[in-house]
Student: 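Here it is, the structure in full.
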Amino acid sequence: MKATITRRDFTTLVGMGAGMIACGATRAWAAPSSPGHHSLLIFSDPLPGQEEAYAQWQRAAAARTMLSIPGVLAAHHFVPGPLELRHTARKTPAHLTIYTIQSAGFDMAAREIARRGALGQVWPPESSASVQTFAYRSYRPTTPGVGGEPQGAAPGTKERTIILAFGDAVAGQEAAYDDWYDHVHQPELMGKAGVLSGTRDILADIQPGPPADRPRYLFTMELLTSDLAATFRGILNGAGAPSPALDRTRGFGFTYRPA
């Protein structure tokens with residue numbers, strides 16, 4: 001299946017089975033954490049020469065249209081950060097919008113989002129080359145990080161950054177994967193300077209977008225630092241070995257900052 005969907009592919013109202021991100025209590029850009037929250041991530045790229053037209057649509061139409069749907073609580077727009085924590089073969093999409101949705105009405109909201117998407121009301125317009133959608137639900141409570149700055153960080157204005165890490169467990173090894181993530185990997189990351197929080201999410205049952213290859217798990221890490229490069233070096237320095245339960249062929253990640 002295609003990981004990137006063009007506008008012509010938006011013919012299916014609701015895709016079942018794979019998904020997207022939930023909210024963290026310490027995130028300045030998100031609604032309060034709750035077991036009842038889902039998140040819809042929409043990644044998109046404008047066509048060459050259509051960047052301004054896309055930006056105007058994003059500002060004037062997208063968030064307003066989505067926020068009129070019952071159950072959609074908030075919209076947050078991001079652009080790629082200046083650095084990636086780890087380089088992958090996937091190019092970071094130029095735009096990311098995260099919508100927070102109440103779980104109590106998620107099924108109905110997802111179907112209405114898909115209906116409006118099929119009508120061209122909520123997906124990126126003709127100025128967009130491609131779009132990917134991911135819906136996730138909250139899986140674990142947000143864990144606070146130690147914050148602060150890494151040793152030797154350059155002084156300056158502290159800026160927020162989010163790292164989205166998508167991944168899967170080896171088939172049949174989900175319990176071992178969860179145990180490693182909950183008790184080894186995430187605590188290790190939360191002890192790194194500059195890290196504010198980490199949140200684990202799992203694929204939602206309903207996907208308000210076309211079929212796509214969506215990893216089962218999403219980990220979102222929020223940073224606040226004046227020296228992103230130094231913070232990344234600190235995160236990678238002394239990192240433990242990944243669990244054998246991690247499917248290393250399925251993982252990828254993106255770094256974003258608030259637009």
Student: Using only atom types and a distance under 3.5 Å, with no angle test, would you say the side chain of Q50 pairs donor to acceptor with the backbone of P48?
Tutor: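 No.
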Student: To the nearest 0.5 Å, what is the distance between CG on L223 and CD on E149?
Tutor: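 With rounding to 0.5 Å, CG (L223) is 10.0 Å from CD (E149).
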Student: Working to the nearest 0.5 angstrom, can you tell me the gap between I42 CD1 and L96 CG?
Tutor: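 Separation between the atoms: 9.0 Å.
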Student: Mind checking whether I69 and M108 sit in one hydrophobic cluster, side chains of I, L, V, M, F, W, Y counted as touching below 4.5 Å?
Tutor: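 Looking at the clustering, M108 is in a separate group from I69.
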Student: Locate the shortest heavy-atom distance separating P93 from Q132; write the atom from each residue and the value.
Tutor: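 In terms of heavy atoms, the two residues are closest at CG-NE2, 3.8 Å.
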Student: Decide side-chain contact (heavy atoms from CB on, under 4.5 Å) for L236 and L85; before the verdict, give the C-alpha distance in whole Å, the side-chain angles of both, and the deciding distance to 0.1 Å.
Tutor: CA-CA 8 Å; L236 295 174; L85 179 62; 3.9 Å; yes
Student: For R200 and D182, which heavy atoms make the closest approach, and how far apart are they?
Tutor: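 That would be NH1-OD1, 2.8 Å.
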Student: Spell out, as yes or no, whether a donor-acceptor pair under 3.5 Å connects the side chain of D168 to the backbone of R216.
Tutor: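 Yes; judged by distance alone, with no hydrogens or angles, the pair exists.
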Student: Taking all non-hydrogen atoms of both residues, which atom of D227 and which atom of G152 are closest, and how far apart?
Tutor: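 Distance-wise, the nearest heavy atoms are OD2-O, 4.4 Å.
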Student: For the side chain of D247 and the backbone of V170, is there at least one donor-acceptor N/O pair under 3.5 Å apart?
Tutor: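 No, D247 side chain to V170 backbone: no donor-acceptor pair under 3.5 Å.
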Student: Is there a path from Y99 to V79 through hydrophobic residues (I, L, V, M, F, W, Y) whose side chains come within less than 4.5 Å of each other?
Tutor: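 Shared cluster, no.
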Student: Just verifying a value: how many Å separate S138 OG and H38 NE2, rounded to the nearest 0.5 Å?
Tutor: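 Here the rounded value is 9.0 Å.
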Student: Would you kindly confirm whether V146 and M221 end up in one hydrophobic cluster when ILVMFWY residues are joined by side chain heavy atoms under 4.5 Å apart?
Tutor: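 Each belongs to a different hydrophobic cluster.
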Student: Does any non-hydrogen side-chain atom of I101 lie less than 4.5 Å from one of I113?
Tutor: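 Yes - at least one pair of side-chain heavy atoms lies under 4.5 Å apart.
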Student: Side chains of L196 and R160: closer than 4.5 Å at any heavy-atom pair?
Tutor: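 They are in side-chain contact.
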Student: Tell me, do F232 and L83 make a side-chain contact under 4.5 Å, heavy atoms counted?
Tutor: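 The answer is yes, as the side chains (C-beta and beyond) meet within the 4.5 Å cut-off.
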Student: Is the closest side-chain heavy-atom distance between H185 and L246 below 4.5 Å?
Tutor: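 Not in contact.
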Student: Are any side-chain N or O atoms of R140 and backbone N or O atoms of G198, one a donor and one an acceptor, separated by less than 3.5 Å?
Tutor: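 Not confirmed, R140 side chain does not pair with G198 backbone.
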Student: Mind running side-chain contact (heavy atoms from CB on, under 4.5 Å) on V72 and T100 for me, showing each step along the way?
Tutor: CA-CA 6 Å; V72 179; T100 303; over 6 Å; no
Student: Report the C-alpha separation of T161 and E222 in whole Å, then their side-chain angles, then the decisive distance to 0.1 Å, and conclude whether the side chain to side chain donor-acceptor pair (under 3.5 Å) test is met.
Tutor: CA-CA 6 Å; T161 301; E222 184 183 11; over 6 Å; no
Student: For this output row, return yes or no: ring centroids of Y181 and Y217 closer than 6.0 angstrom.
Tutor: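 Aromatic pair excluded; centres sit 6.0 Å or further apart.
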Student: Take R137 and D205 through the salt bridge (Lys or Arg N to Asp or Glu O under 4.0 Å) test and state the conclusion after the steps.
Tutor: CA-CA 9 Å; R137 61 177 173 83; D205 293 330; 5.3 Å; no
Student: Find out whether T220 and I163 are in side-chain contact, i.e. whether some heavy atom of one side chain is under 4.5 Å from a heavy atom of the other.
Tutor: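 Side chain of T220 against side chain of I163, heavy atoms only: no contact under 4.5 Å found.
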Student: Using the six-membered ring wherever Trp is involved, compare the ring planes of Y256 and F254 and label them parallel, tilted or perpendicular (cut-offs 30° and 60°).
Tutor: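 Ring orientation, 0 to 90° scale: perpendicular.
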Student: H76 versus T97: any side-chain heavy-atom pair under 4.5 Å?
Tutor: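 H76 vs T97: side chains apart.
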Student: How far apart are the closest heavy atoms of P70 and A109, and which atoms are they?
Tutor: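 Where P70 meets A109 most closely, the heavy atoms are O-CB, 3.7 Å.
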Student: Between F219 and F166 (judged by ring centroids, cut-off 6.0 Å), do the two rings come close enough to count as a pair?
Tutor: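 No.
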Student: Donor-acceptor check, side chain of K158 to backbone of G148, threshold 3.5 angstrom: yes or no?
Tutor: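 Answer holds: no.
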Student: Which atoms form the tightest heavy-atom contact between P215 and G167, and what is the distance?
Tutor: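 Result for this residue pair: CB-O, 3.5 Å.
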Student: Run the numbers on E159 and R257 for salt bridge (Lys or Arg N to Asp or Glu O under 4.0 Å), then give the verdict.
Tutor: CA-CA 8 Å; E159 297 184 349; R257 59 179 176 81; 5.9 Å; no
Student: Within a strict 4.5 Å, meaning less than it, do heavy atoms of the I98 and L40 side chains meet?
Tutor: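 Contact flag for I98/L40 side chains = no.
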Student: Are the aromatic ring centres of H95 and Y54 under 6.0 angstrom apart?
Tutor: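 So the answer is yes for these two rings.
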Student: So, taking the atom named CD1 in I206 and the one named CZ in F106, what distance separates them when rounded to the nearest 0.5 Å?
Tutor: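 Here the rounded value is 6.5 Å.
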Student: Within a strict 4.5 Å, meaning less than it, do heavy atoms of the D213 and R250 side chains meet?
Tutor: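 In contact.
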Student: Ignoring hydrogens, what is the shortest heavy-atom contact between S197 and T142? Give both atom names and the distance.
Tutor: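 Nearest pair, atom of S197 first, then T142: CB-CG2, 3.7 Å.
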Student: Think R90 forms a cation-pi with F252, using NZ or CZ under 6.0 Å from the six-ring centre and within 45 degrees of its axis?
Tutor: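 Judged by the rule (NZ or CZ under 6.0 Å from the ring centre, within 45° of its axis), R90 counts as positioned above F252.
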Student: Under the 3.5 angstrom rule, does the side chain of E84 hit a backbone N or O of T255 as a donor-acceptor pair?
Tutor: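 Answer holds: yes.
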Student: Where the side chain of S226 meets the backbone of T157, is there a donor-acceptor pair that is under 3.5 Å apart?
Tutor: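 No; zero donor-acceptor contacts below 3.5 Å.
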Student: Would R116 and S68 count as a side chain to side chain donor-acceptor pair (under 3.5 Å) here? Give the steps.
Tutor: CA-CA 11 Å; R116 296 192 188 192; S68 71; 2.9 Å; yes
